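I have placed the structure first, in the form of C-alpha cells, so that the comments after it can refer back to it.
All values below come from the heavy atoms of this structure, side chains included, with hydrogens, waters and symmetry mates left out. Proteins get letters first, then strands, A, B, ... in listed order; numbering begins at 1 in each. If you're wondering where the values come from, they're calculated on a predicted model, not measured in any experiment.
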2 protein chains.
Amino acid sequence: MKAGQTFTIKQTAAQTGITEDTIRYYEKIALLPRANRKDNGHRIYREEDVNTIRLISCLKKTGMPLEEMRPFLAVSVDADPAEYPELAERLRSHRETIVSQIASLQQVVDFIDMKLDVGKYRGDCSEENKDGALKKEIVSPIEMSYFSVSAKAGKPVRR
Amino acid sequence: MKAGQTFTIKQTAAQTGITEDTIRYYEKIALLPRANRKDNGHRIYREEDVNTIRLISCLKKTGMPLEEMRPFLAVSVDADPAEYPELAERLRSHRETIVSQIASLQQVVDFIDMKLDVGKYRGDCSEENKDGALKKEIVSPIEMSYFSVSAKAGKPVRR
DNA sequence: ATACAACTTGGAGCTGACTCCAAGTCAACC
DNA sequence: GGTTGACTTGGAGTCAGCTCCAAGTTGTAT
C-alpha cells in the first residue's frame with residue numbers, strides 16, 4: 001500500500017486541467033463533496049478525489065450540464081448501481097444520448113472530410129427520442145447537401 | 001427542377017428543431033445571413049437555408065460555440081475550401097478536436113458500461129493538443145478507476 | 001520582524017446563448 | 001370595420017458556468 005498521497009488544490013488543478021477557481025466552485029455548488037482540510041484550512045485531495053474531478057472533466061466534454069452529473073458522481077462514489085435501479089436507468093438513458101452524440105460528431109467529421117476532399121456527403125444530424133423533448137417528422141432521407149456540395153466525384157474517406 | 005419551395009420561419013423551426021426566436025437570434029448575430037423577406041416583411045427560407053440551420057444544429061450538438069461555426073458556414077456557402085487554405089486548416093484542426101471528443105464520449109460509454117456491468121474500466125479523458133490552450137504533464141497511463149471500481153471480474157463490454 | 005507565497009472566504013461581475021416581451025404591421029375572415 | 005393570427009422589431013431578462021477580486025490567514029525564508 002503506497003498509502004494516501006495527497007495534493008494541494010494547485011496540484012490537483014494542474015493534474016486535471018480544471019482551474020482552482022473552478023474546483024472551488026464545484027465544491028461550492030456541492031458537485032464535489034467538501035474537501036478535507038489541513039489544520040490551516042487548506043484543501044487536500046487524494047487520488048480518489050482527483051479521479052472524481054477527472055470524471056467531471058470527462059463528462060463536461062460530452063456536453064453534460066453539471067446538474068446532470070450528480071448521479072454519475074454518486075455512482076462513482078458508492079458501489080453498485082444495480083442496487084439503485086433508478087440510477088441505473090439514468091445511466092442507460094444517458095448512454096443512449098452519448099451514443100447518438102457520437103453519431104452526430106461522426107457526421108461532422110464526415111462533413112469536414114467531404115469538404116476537404118470535395119467528395120460526397122450524405123446523412124443528417126437529426127434523431128431524438130429521449131423521454132421528453134421534441135420529435136417532429138424526422139428529416140431522414142434528405143440528400144444532405146449542406147449547400148453547394150454540387151455532385152463532384154466522391155472518393156471515400158474515412159481515414 | 002422542382003423549383004424553389006419556400007418555408008415560413010415557423011415551418012423552418014419545425015423542420016430543424018430550432019425555435020423561431022433562436023433562428024431570429026442567429027440572424028441578429030449574423031450567424032445566418034439576412035433571410036429574404038416577402039412583401040410584408042416576413043422571412044422566407046429555401047431548402048438551402050434550412051440545411052444551413054440543420055448544420056448549425058449539428059455543430060451545436062458537438063458543443064461548438066456559435067462563433068466557431070462561422071468558418072463552417074462560410075465553407076458550406078461558397079464552394080471549395082481548397083481555395084481558402086486558412087479555412088481548410090481550421091477544418092482540419094476542428095476535425096481533430098472532434099475526433100478526440102468522440103474518444104472522450106466513447107470513454108464515458110465505457111464507464112457507463114463498466115458501471116452497469118460491474119466490469120472493469122481503464123483509460124482517461126485527457127489529451128489536448130490544439131494551437132493555444134493548456135497542456136501540462138498529461139495524465140496518460142493511470143489505471144483510471146474513478147473511485148471504487150475495486151477489481152471485480154471484468155467481462156468485456158463494448159456495446 | 002518582515003516579506004512572500006499559497007492558500008482561504010464571500011460575493012460581484014462576466015460571457016454565451018438564448019428566451020421573453022411589448023408594440024407594431026399586415027392579410028384574411030366574420 | 002373589428003378581430004384574429006402570423007409575423008416583425010428592439011430591447012430587456014435569464015441561466016449556467018465560470019472568473020475575478022478584496023480582505024484575511026498561515027507557513028516558510030531572509
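- For the pair A:I18 and A:I56, the minimum side-chain heavy-atom distance is 4.5 Å or more.
- Annotation: side chain of B:N36 is not in contact with side chain of B:T6 (no heavy-atom distance under 4.5 Å).
- Closest approach to the A:I9 side chain among D:dC7, C:dC7, D:dT9 is made by C:dC7 (side chain taken as heavy atoms from C-beta onward).
- Shown for residues 23-31 of chain B: residues whose heavy atoms fall under 4.0 angstrom of DNA chain D, namely B:R24, B:K28.
- Atom-to-atom, CZ of A:F7 to P of C:dA6 comes out at 18 Å; the value is rounded to the nearest Å.
- For B:K60, taking side-chain heavy atoms from C-beta onward, the closest of the listed nucleotides D:dC18, C:dC21, C:dC18 is C:dC18.
- For the salt bridge (Lys or Arg N to Asp or Glu O under 4.0 Å) test, residues two or more places apart in sequence or in another chain that qualify with A:R24 are A:E20, A:D21.
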Start with the C-alpha gap between A:Y26 and A:L66, add the side-chain angles, then the distance that decides, and say whether side chain to side chain contact (heavy atoms under 4.5 Å, CB included) holds.
CA-CA 9 Å; A:Y26 288 163; A:L66 300 184; 3.6 Å; yes
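- Atom CZ of B:R34 is separated from atom C1' of D:dT9 by 11 Å (rounded to the nearest Å).
- Looking at B:H42 and B:T8, their side chains never come closer than 4.5 Å, going by heavy atoms from C-beta outward.
- In this structure, CZ of B:R70 is placed 11 Å from P of C:dG16, rounded to the nearest angstrom.
- Remark: A:R43 is not in phosphate contact with C:dC7, judged by side-chain N or O atoms under 4.0 Å from OP1 or OP2.
- With sequence neighbours excluded, the residues that form a side chain to side chain contact (heavy atoms under 4.5 Å, CB included) with A:E27 are A:R34, A:A35, A:R37, A:R43, A:Y45.
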Intra- and inter-strand pairs of DNA chain C in dot-bracket (Watson-Crick or G-U wobble, both distances under 3.5 Å; | for another strand)
||||||||||||||||||||||||||||||
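- Regarding B:E68, its CD atom lies at a distance of 17 Å from the P atom of C:dT15, rounded to whole Å.
- The residue among A:E20 and B:E67 whose nearest nucleotide of DNA chain C lies closer to the 5′ end is A:E20.
- If B:D21 and B:T8 are placed on DNA chain D by their nearest nucleotide, the residue sitting closer to the 5' end is B:T8.
- Counting only distance, with no hydrogens or angles, the side chain of A:Q15 and the backbone of A:T12 share no donor-acceptor pair below 3.5 Å.
- Residues B:V108 and A:C58 meet the side-chain proximity criterion, which asks for heavy atoms closer than 4.5 Å.
- In this structure, the CG atom of B:N36 is 16 Å from the C1' atom of D:dT8, given to the nearest Å.
- Of the side-chain N and O atoms in A:T22, none sit less than 4.0 angstrom from OP1 or OP2 of D:dG17.
- When the C1' atom of C:dC4 is taken as reference, atom NZ of A:K10 falls 13 Å away, rounded to whole Å.
- Using a 4.5 Å cut-off on side-chain heavy atoms (C-beta onward), A:T16 and A:F7 make no contact.
- Side-chain proximity of A:R37 to the nucleotides C:dT9, D:dC21, D:dC18 is greatest for C:dT9.
- Distance, A:M69 CE to D:dC18 C1': 13 Å, rounded to whole Å.
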Between the protein and nucleotides 22-30 of chain C, which nitrogen or oxygen pairs come in under 3.5 angstrom?
none

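- A heavy-atom distance below 4.5 Å is not found between the side chains of A:E48 and A:T52.
- In this structure the side chain of B:Q101 never reaches within 4.5 angstrom of the side chain of A:Q101, judged on heavy atoms.
- Scanning for salt bridge (Lys or Arg N to Asp or Glu O under 4.0 Å) contacts around A:E68 gives an empty result, with sequence neighbours left out.
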